[in-house]
Every structure is written in C-alpha cells, then in structure tokens.
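Basis for what follows: all heavy atoms, side chains included, without hydrogens, waters or symmetry-related copies. The model shown is predicted, which means the values in this text are computed figures rather than measured ones. Protein chains get the first letters and strands the later ones, always in sequence-line order, with residue 1 at the start of each.
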Protein chains: 2
Amino acid sequence: MATIQDVARNAGVSVATVSRVLNNQNVVAKETAIKVEKAINELNYEPSVLGRNLRTSESRLILVLIPSIANPFYTEIIKGIEDTAIEQDYNILLCETGSNPKREAIYINLVRNRLADGVISMDPAVDKVRLTELAKKYPVVQCSEYDKVGTISYVTIDSELAAYQAVRYLIQIGHKKIGLINSDNKYLYARDRYEGYIKALNEFDLPINTDWIYNVESVRFQDGQQAMRGLLNQPDRPTAIFADSDVLAIGALKEINSNGLNVPKDIALVGFDNIDFSNMTYPTLTTISQPMYKMGSASANMIIHKIKGKKVGNIILDHELIIREST
Amino acid sequence: MATIQDVARNAGVSVATVSRVLNNQNVVAKETAIKVEKAINELNYEPSVLGRNLRTSESRLILVLIPSIANPFYTEIIKGIEDTAIEQDYNILLCETGSNPKREAIYINLVRNRLADGVISMDPAVDKVRLTELAKKYPVVQCSEYDKVGTISYVTIDSELAAYQAVRYLIQIGHKKIGLINSDNKYLYARDRYEGYIKALNEFDLPINTDWIYNVESVRFQDGQQAMRGLLNQPDRPTAIFADSDVLAIGALKEINSNGLNVPKDIALVGFDNIDFSNMTYPTLTTISQPMYKMGSASANMIIHKIKGKKVGNIILDHELIIREST
DNA sequence: ATTCAGTATGTAATCGATTACATTAAAAAT
DNA sequence: ATTTTTAATGTAATCGATTACATACTGAAT
C-alpha cells in the first residue's frame, strides 16, 4: 500500500510535486513529471480517497434513499442517477430504508457524518420533518415523491394529471364503473392520483362509489392481489380498475385471471409507472409511463448542482399514457 | 459543522477526552463525560467519518458489483447483503457494471483507493484476471457466479444439480422433447446448467437436439421472447422448455401466450431463480428457488470476515424445485 | 513519611492527501 | 552587470479524527 510519501521518496521529489502530477496541474516540469509517473507505476500507487476527501472535505458520494430495491419502478431511476453521477465523478450509496424510520435515521446520519455529500430521497415514507431539518444544512433533493408545501427541491411528474388522463381514457372507451387501487393516503402521490381519479369521474358526472376504492398498505404484488380480491367480492363490481402502480396492477391482474375472468373483456385494467414487466403480463398492461431514467438523471444533476452551491428549481417531467391489451 | 476541537473547547477538555467519550471507552469520569455529552448536543456535533476512517484506515464500505440492477434476481440478494452489513456497521456501495469493463475498472479502483474495504462481485461478466489480481491484496468474494479453478472465495448453489433436477422432473412428468434457453456459455452458471440439462437427458436416454438449445446474449425479458420465437419456429417443436433464469422464462412465456399456445398443455416451462414475478405470471412459473437472501447474507458475512483478516471457505447453499402451474 | 498503584486527563504524533506560501534558479529586462 | 520576472519545486500547515505516551492527582500500602 504505497502512499504519496513513498512515491515522493522513490522519485526524489516532494509530496507536493507528486500531488501536482496527480492532479495534473501542468506546473510540473516534464522530466519531473515523468520521474513521478515512473515511481507511481513502479510502486503501483493509488491515491487514498480518504486522505484526499478529508482535505477537500467532500466524499463525492451521493446517498440515494429508496423504500425498497425490489420495486422495479426505482431500478430505472437509479440507473439514471448512477450514469449521471459517474459522469461527474460521483458515486452513489444506495440505501434501502424499508420505510423504517430507524434505518432512515442511520442513513441520514451518513450525510451529517460527511460520508455523503448529499441525498436524493425517493422514499415516500420519509420523515418529512427530519428531511427538512437536514436540508437546512445539507444538499437534499426529492425524486418522485415530494412535499408540496416544503422547501426541498424535487423532480417529479404531475401525478394528478396523469391519473385524470388514465381514468378519462377508461371513461372514453365506455366504462362507467371504475374502481381505484390506491396506495396509502399518507403518500402525496397517492392523494394526487386519487384527486385525478375523482376529477375525471366528476367531469363525466359519474358517481363516486367508495366501495370501489381500495387502499393498500404497501406496494407489493400481494397487496394488489388482495385489493382485487376485495373489489371482486363487491355485489356491484366495477368494470374497470385504475391501479396507481404497475406492481399493484399486476397483482390485481393475477387475481382477476385466477378467478377465471377476462381482462379486458370482463374488467379493464390500467397501471402506473410502465415498469419492464408491465409489457410481459398476459394480457399486457395499459399504463402511465413515467420517464424514470430521466427522473434519475435530473435528480442527479440537481443534487450535484446543490452540492456545488448553486441554486436549483423544481422539475416536473412529462408522462405518457401507453395503451396495451388490458383495456 | 462542529468538529471534535469545538466540542473539546466547549466542554473545557482535550480532544482526546472527547474522542474517548465518543467511542465510549469507560475510562472517562462520569462528570466529564456528562460535560462532553452536553457540548456535543449543544453544538449538534457529528463525528466526521472521513477523519475517523483516515486514522483507522478503513472505510466500512463494501462494494457490491452487479451487472444490472433491473434483474430482480439480484435485488433479493442485495437485501440480504445490506441487512447483514448494516448490522455490523458496514454500508454498501452498490455499483452496476452493465457488464462494461470500463465501469468495472472504475469500481474496482474504489477498493484500491480504499474507498471500500472489500468487494462482493456478482457480475458473471467480470474480468476474472483483474478480479484475481485485486483479490491478492484486497478482500474479494464472489456471489452466485464464481471461478471453479480460481482462488477467490464464493457463495453459490449447485447449478448443475439444480438444472439436472429441473429437467429430470420434466422427463418424469412425461416430456421427451425438452428445449433449453440458456445464457451465454462464457458464464459458468450457464455452462453448469447446460451440463445438468445434458446429464438428465443422457440418464433417460433422450436424444440431444441442438436445435432445441438456444443461447441468449443478455438476460432481459426480450431475450427470452426472442429465444422462444426461435424455438417455436422449429419444424419439430419441443414440448417443454427449461430456461436458466426466470427473466428468460417469463419472456418465453409471453411469446408462447402471444402465439395462442397454452402453457403447460402445449408447452411446459421451468424457470430458475424464483424471483417475485415468477408467481405473478399467467400461468405461474415452475422454477428452481435460489436462497437469494441467504446468499446475500452469507456473502456479507464472508467479506466482513475477510476484511477482518480471517480465513474463510466457500459456501454452497441449497436450492429447491418449486412446482407451479407452468408444468 | 515515602512509595506505589490506579484513575483521569492532556499532549502530540499520526493517518494520506492538498495547497498557501517560501525558496531557488534560470530567463528576461533594464 | 544588475534587477526583475517567471517557472519549478519544496516546506509545512491543514483537514478531523484516534491513540501511545506523559503527567497529575488520589488513596492505599509500607
């Protein structure tokens, strides 16, 4: 484990000169630089990021908080974050909170400890107070989920509009009895999508039947299944379902299929997110496509800007309704 | 951003004492400790991991290399790694190589730079030479994919046996024409599963038809679809397919369904991995279950042992055939 | 009364880099 | 020939922690 001192000794120069060569400031004479390079190669030297970062007091690490790595919605966002970060010499520290406040606290402390230069939070269950507190002193960005009244910058889409469009589309193809599978209302995106759903129904003078609205506690396939089971047991069944996440929609689809019903003939189904898998189901899923990669990439750029002390605004990206076989 | 110096000044003690309180060595007098705690709270002090790590020359970060975060097979493993690592005060640095040697090199350098204390590699496309070189000086563990003749410790399952059992099962339920959708043979797991497939066929004196063996280049849904398209176009079609990953099997299933054929009546299908999705398809997928969480957890323990300088052996975990509707 | 052991705390070196400032030598300007 | 510039390099402080060693004080043992 050679250090910069070893290199300096070997090359017969001072550590300052080695450092200059390392950071290729071209103040070093060519011959000297060559000597140093030679020593570096000979000793197989690699600079210690620890030492460097301590001095420059940055870690070049970005903390990324997600509720669950198993939700494919996040994986594409992460890809966008990672690509963009690496381009700018940052690495990401991916942390799964499991929506567990204790773990969240541990991770957020990584920023206070200066192990990470900033946070991108995608956890809708994040403790808003704690995050806002952190944001007062450190760079923080929210991606996808955000706080309408808060001060933290965010990247997101217009969930309400998207939900409205999805439900309007169901109405336009002739459905009058439209159910909703929704996440917990403590999440902003769930409330927004609910609003969009209601708005579409109201606009077309369709009644709102609370029996057709099902809130799940988490976003896993099983939750979608369970929700659908509940909806199918209604005496007066909806003929179309809007689920506010593909994962839930896929669970619902499974349940519908298992009951021997046909999608879209008996029940039409619209999801949300456009995860890869939504195109692999039988039938394939009509869904709202979120620009996930772009969201990730925008978040990464935003947090890096913040880290560099620049002012940043919020970004609202476009979504798109993708019509497939389930409607 | 208070430092340990500030705390020391505020509490009227030396930095050494503060450090002692921080690391709760109980040599500090109670009253002094209380003074220090008070100063810490007052100043909202958090120790800098950078400073600490420079001194102790560890980063308490574990690098985790995966080819693609989008493959659900890895997500469960990562969960296992993360839980286990955090328990022992390590964090993970999750890095997606995209099987791109250039990115891989960047990441592997993070270890050389001492930004990470060790690596868990799950990338089957990893440059074995480079990894072995790294392993000479730094802690390295391979998970899932490994090197039979190499010196790097690993956690894995017996892929050949698993594949053998899957195919034997297909034979036992009456199939004689069994196709294989396989990953690129440059990967050990692909070769192992191929061997298992061949072994089962041989054992039951079934002919090996190379037209029924399809190798894909990467492991995405589309690759499974494409492979299945190729197999369906055979004049003499197999009646059962063994795919060496659920992702491929799900793609294949999609293709079979799209062609109006029935699974399992027309074609039976067995996957590999038991990812969450495999229970959401229509019909649900018979598959080999890998103990993914356990694999992750074992890898994490193994790398931490290595980091601490202990000797470790290899671990081969048990798999299980999960029979569902697709056979 | 003196010595010794034990406890609590402080001093200062250290980890491995970066960088402001100082120094030196050579080239350019007078 | 002397002074001024410029270029190349070195010296040493610094980032924020940990920790070996030194020191001061207390009470017990002789």
Please enumerate all protein N or O atoms sitting under 3.5 Å from an N or O of nucleotides 16-23 of chain D, with distances to 0.1 Å.
unit_1, atom_1, unit_2, atom_2, d
D:dG16, N2, B:Gly51, O, 3.1
D:dA17, OP1, B:Tyr45, OH, 2.8
D:dA17, OP1, B:Ser48, N, 2.4
D:dA17, OP2, B:Ile4, N, 2.4
D:dA17, OP2, B:Tyr45, OH, 3.4
D:dA17, O5', B:Tyr45, OH, 3.3
D:dT18, OP1, B:Asn23, OD1, 3.3
D:dT18, OP1, B:Asn23, ND2, 3.1
D:dT18, OP1, B:Arg52, NE, 2.9
D:dT18, OP1, B:Arg52, NH2, 3.3
D:dT18, OP2, B:Ser19, OG, 2.5
D:dT18, OP2, B:Asn23, ND2, 3.3
D:dT18, O2, B:Arg55, NH1, 2.1

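- By the side chain to side chain donor-acceptor pair (under 3.5 Å) test, B:Lys136 pairs with B:Glu133, sequence neighbours left out.
- For residues 54-94 of chain B, the set of pairs meeting the ring-ring contact (aromatic ring centres under 6.0 Å, His included) definition, not counting sequence neighbours, is empty.
- For the helix from C:dA1-D:dT30 to C:dT30-D:dA1, the axis fitted to the five pairs at one end and the axis fitted to the five pairs at the other end meet at an angle of 60° (nearest 10 degrees).
- For B:Thr32, there are no side chain to side chain donor-acceptor pair (under 3.5 Å) partners two or more places apart in sequence or in a different chain.
- Partners of B:Thr132 under the side chain to side chain donor-acceptor pair (under 3.5 Å) rule, at least two apart in sequence or in another chain, do not exist in this structure.
- Here ring-ring contact (aromatic ring centres under 6.0 Å, His included) pairs that include residues 91-146 of chain B, with residues two or more places apart or in two chains, are B:Tyr146-B:Tyr154.
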Which side-chain N or O atoms in residues 50-63 of chain B pair as donor and acceptor under 3.5 Å with protein atoms at least two apart or in another chain?
unit_1, atom_1, unit_2, atom_2, d
B:Asn53, ND2, B:Val49, O, 3.4
B:Asn53, ND2, B:Glu58, O, 3.3
B:Asn53, ND2, B:Ser59, O, 3.4
B:Thr56, OG1, B:Arg52, O, 3.0
B:Glu58, OE1, B:Arg60, NH1, 3.4
B:Glu58, OE2, B:Arg60, NH1, 3.1
B:Ser59, OG, B:Leu61, N, 3.3
B:Ser59, OG, B:Leu115, O, 3.0
B:Ser59, OG, B:Asp117, N, 3.4
B:Ser59, OG, B:Asp117, OD1, 3.0
B:Arg60, NE, B:Asp89, O, 2.9
B:Arg60, NH2, B:Gln88, O, 3.1

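- For A:Arg9, the side-chain contact (heavy atoms from CB on, under 4.5 Å) partners two or more places apart in sequence, or in a different chain, are A:Gln5, A:Asp6.
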